[in-house]
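This is the structure, below, for whatever I ask next.
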Amino acid sequence: MKFKNRTVAIVSSPLQLISTGEYIHQNKIKNYIIIVLFYSKKELEQIREINKIYNLSLKIKLRGYPIIQYFNLFIISQKIRSCKNLIIGNFFSDPHLFFYNLILKSRTTVVDDGMIVTSIPNFIGSNKRILKPSLIKKIFYRAFEYPKKIDLFSIFPVAVHRLISLKKNNLSILNSKIIRKKTSKVLMIIGQPFVEHKMISLENYISIIQSIYKDFKSYKLIYFPSRKELPQKLNRLRNIGDLDIVQSVNNIEIYLLKNKFIPKKIVGFTSSALITLNTIFNTNNNLIDISCLKLIFNDNRLPKEVISKMYETLYEQGIHKYEI
């Protein structure tokens, strides 16, 4: 395969594909190849649904099995070898970094995978790691080195840094899909897999959702789960009053774009969807009241300054504070 003059992208989440799709259309790129590295069937389904909007060529799809994914990425890298522009969906992803360090490229572009991009200036050009590396990764650290210099295509405000050239993502393709919609008296809660990641207890999480439910009894309440939330947890949430749980192959942005009605209010936690939805629905008209609830986590794997930066970013982008 001759990819020397092509753009090559590796993505692993719905938001990464949205960001890559926006980048490819905004820059009118015709010569490209996209590698989809997915970790669940639901993730792949959401990526396929998003691609109905962008109509990108998704030629390579890999299941992200532990260890095996690195062998598969190595094989692909040996076929591609070089490219003009390498797009990586997550600056902090080990598989993405592994692939980055195998490919010769003229430039590297990082696209959004959430508010975590606002922490890139604290790590680029350093040997610091956002998560504690395993012994194997310490030994083979050069295979997981961060990019030395990047273009960052993002909807988020990122601090100025000499190694980062920031390119603004206005989500112009998604914005063009907005049609006239009615607002209904609905509160939508955006779920997150805090319990699954052991960042908070199940009982505590249920208590929080119950408190939100009590605050908005006059609203119809809908819970939109993360693709990583487990069925047994969702079954417990179904016992909360008249809380409806959305079952959709779409991620929340596409779900609301396709829906005939939009909710009057949205409440979330640290979900990047709060900002993407604010960009889509509130840039020209304030259609949805979007707010976030700040949580205290038990988990120490993610540095506190990273979590604090996420909330700071939400507030800076006009997301309201919500307190229970």
Side-chain angles (χ1 to χ4, degrees), residues 8-21 33-52 54 56-77 86-103 110-117 119 129-134 136-137 140 143-144 146 190-200 224-234 245-255 269-273 276 299 301-302 306 310:
V8 175
I10 177 169
V11 300
S12 298
S13 76
L15 181 55
Q16 290 175 29
L17 185 68
I18 287 173
S19 303
T20 300
I33 187 167
I34 296 175
I35 302 161
V36 176
L37 180 65
F38 66 97
Y39 294 91
S40 69
K41 288 183 179 179
K42 186 169 184 178
E43 199 166 57
L44 183 59
E45 285 176 354
Q46 289 187 349
I47 286 171
R48 282 173 169 158
E49 285 298 312
I50 288 166
N51 200 40
K52 290 178 181 178
Y54 293 101
L56 301 170
S57 175
L58 307 179
K59 289 190 175 181
I60 302 175
K61 302 179 190 70
L62 296 177
R63 186 66 184 256
Y65 293 111
I67 301 177
I68 296 174
Q69 63 186 336
Y70 294 106
F71 287 104
N72 289 333
L73 289 172
F74 176 78
I75 291 169
I76 292 171
S77 74
L86 176 64
I87 299 173
I88 58 175
N90 187 339
F91 182 88
F92 299 104
S93 164
D94 285 336
H96 289 210
L97 292 175
F98 179 76
F99 188 74
Y100 160 83
N101 283 291
L102 290 170
I103 296 290
V110 177
V111 296
D112 281 333
D113 188 39
M115 287 181 289
I116 196 71
V117 301
S119 293
R129 311 303 294 186
I130 198 164
L131 295 175
K132 187 178 179 180
S134 65
I136 291 177
K137 287 172 185 173
F140 297 101
F144 302 97
Y146 292 137
I190 301 177
Q192 286 188 257
F194 298 138
V195 175
E196 288 75 4
H197 292 320
K198 302 188 184 330
M199 298 173 73
I200 193 172
F224 197 99
S226 160
R227 66 186 183 279
K228 296 179 181 179
E229 289 183 84
L230 296 176
Q232 53 266 40
K233 171 186 166 186
L234 299 180
I245 297 180
V246 173
Q247 300 291 342
S248 176
V249 296
N250 295 296
N251 68 329
I252 190 168
E253 293 89 348
I254 307 304
Y255 174 81
F269 304 100
T270 59
S271 174
S272 299
T276 57
D299 184 73
R301 289 175 300 171
L302 199 61
V306 172
M310 288 181 182

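In what follows, residues are counted from 1 in the order of the sequence shown. Both backbone and side-chain heavy atoms feed into the values below; hydrogens, waters and symmetry mates do not.
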Worksheet item: Taking the six-membered ring for Trp, are Phe194 and Phe269 parallel (under 30°), tilted (30 to 60°) or perpendicular (over 60°)?
Response: perpendicular
Discussion item. Looking at every heavy atom in both Leu15 and Ser272, which two are closest together, and how far apart are they?
Written reply: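 Closest approach of Leu15 to Ser272: CD2-CB, 4.2 Å.
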Discussion item. Working to the nearest 0.5 angstrom, can you tell me the gap between Ile60 CD1 and Ile35 CD1?
Written reply: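 Here the interatomic distance stands at 5.0 Å.
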Worksheet entry | side chain to side chain contact (heavy atoms under 4.5 Å, CB included) evaluation trace for Ile103 with Val8 | CA-CA 10 Å; Ile103 296 290; Val8 175; over 6 Å; no
Worksheet entry | Qualifying side-chain hydrogen bond (donor to acceptor under 3.5 Å, both in side chains) pairs, either residue in residues 34-44, two or more places apart | Tyr39-Gln69, Glu43-Arg227
Worksheet entry | Residue pair Glu49 / Val249: nearest heavy atoms and the distance that separates them |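 Where Glu49 meets Val249 most closely, the heavy atoms are CG-CG2, 3.6 Å.
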Item to complete: Flag the pair Asp94 / Tyr70 as yes when at least one side-chain heavy-atom distance between them is below 4.5 Å, and no otherwise.
Response: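 Counting from C-beta outward, Asp94 and Tyr70 do come under 4.5 Å.
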Fill in: Distance in Å, Phe92 CZ paired with Arg129 CZ, rounded so as to fall on 0.5 Å steps
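It comes to 9.0 Å.
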Practice prompt. Could you pull out the closest heavy-atom pair between Ser248 and Tyr255, with the gap in Å?
Written response: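 Between these two residues, the closest heavy atoms are OG-CD1, 3.7 Å.
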Discussion item. A side-chain contact here means heavy atoms from C-beta on lying under 4.5 Å apart; do Ile200 and Val195 qualify?
Written reply: yes
Worksheet entry | Other residues, nucleotides, ligands: >12 heavy atoms within 6.0 Å of Lys228 NZ |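 Open: at most 12 neighbouring heavy atoms sit under 6.0 Å from NZ of Lys228.
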Fill in: Spatial distance of atom CD1 (Ile252) from atom CZ (Phe224) [nearest 0.5 Å]
5.0 Å
Worksheet item: Once you round to the nearest 0.5 Å, how far does CD1 of Ile18 lie from CD1 of Ile50?
Response: 4.0 Å
Practice prompt. Measure the spacing between CG of Asn251 and CD of Gln46 and express it to the nearest 0.5 Å.
Written response: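 Spacing of CG (Asn251) from CD (Gln46) equals 5.5 Å.
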Discussion item. Among Leu37, Asn72, Ile88, Ile76, which residue satisfies the side chain to side chain contact (heavy atoms under 4.5 Å, CB included) criterion with Phe99?
Written reply: Ile76
Discussion item. What's the separation between atom CZ in Arg63 and atom CD1 in Ile68, rounded to the nearest 0.5 Å?
Written reply: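 Rounded to the nearest 0.5 Å, the CZ-CD1 separation comes to 11.0 Å.
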Worksheet entry | Least distance between heavy atoms, Thr270 atom then Gln192 atom | N-OE1, 2.8 Å
Worksheet item: Within a strict 4.5 Å, meaning less than it, do heavy atoms of the Phe144 and Tyr100 side chains meet?
Response: no
Discussion item. Any heavy-atom pair between the side chains of Leu17 and Tyr54 that's under 4.5 Å?
Written reply: no
Worksheet item: Is there a donor-acceptor contact under 3.5 Å from the side chain of Glu229 to the main chain of Leu234?
Response: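 Looks like no, no N/O pair under 3.5 Å.
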Practice prompt. Check for a donor-acceptor pair, side chain of Asn51 on one end and backbone N or O of Leu56 on the other, with a separation under 3.5 Å.
Written response: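 Here the side-chain-to-backbone pair exists.
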Discussion item. I want to check something: taking the side chain as every heavy atom from C-beta on, are Leu102 and Phe74 in contact at a cut-off of under 4.5 Å?
Written reply: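 They are in side-chain contact.
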Worksheet entry | Closest contact, heavy atoms only, Met310 versus Ile116 |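 What the structure gives for the nearest pair is CE-CD1, 4.0 Å.
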Fill in: Contact summary for Gln16 and Asn90, nearest pair of heavy atoms
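What the structure gives for the nearest pair is NE2-CB, 3.8 Å.
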Worksheet item: Does the Asn101 side chain pair with the main chain of Ala143, one donor and one acceptor, at a distance under 3.5 Å?
Response: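 Between the backbone of Ala143 and the side chain of Asn101 there is a qualifying donor-acceptor contact (under 3.5 Å).
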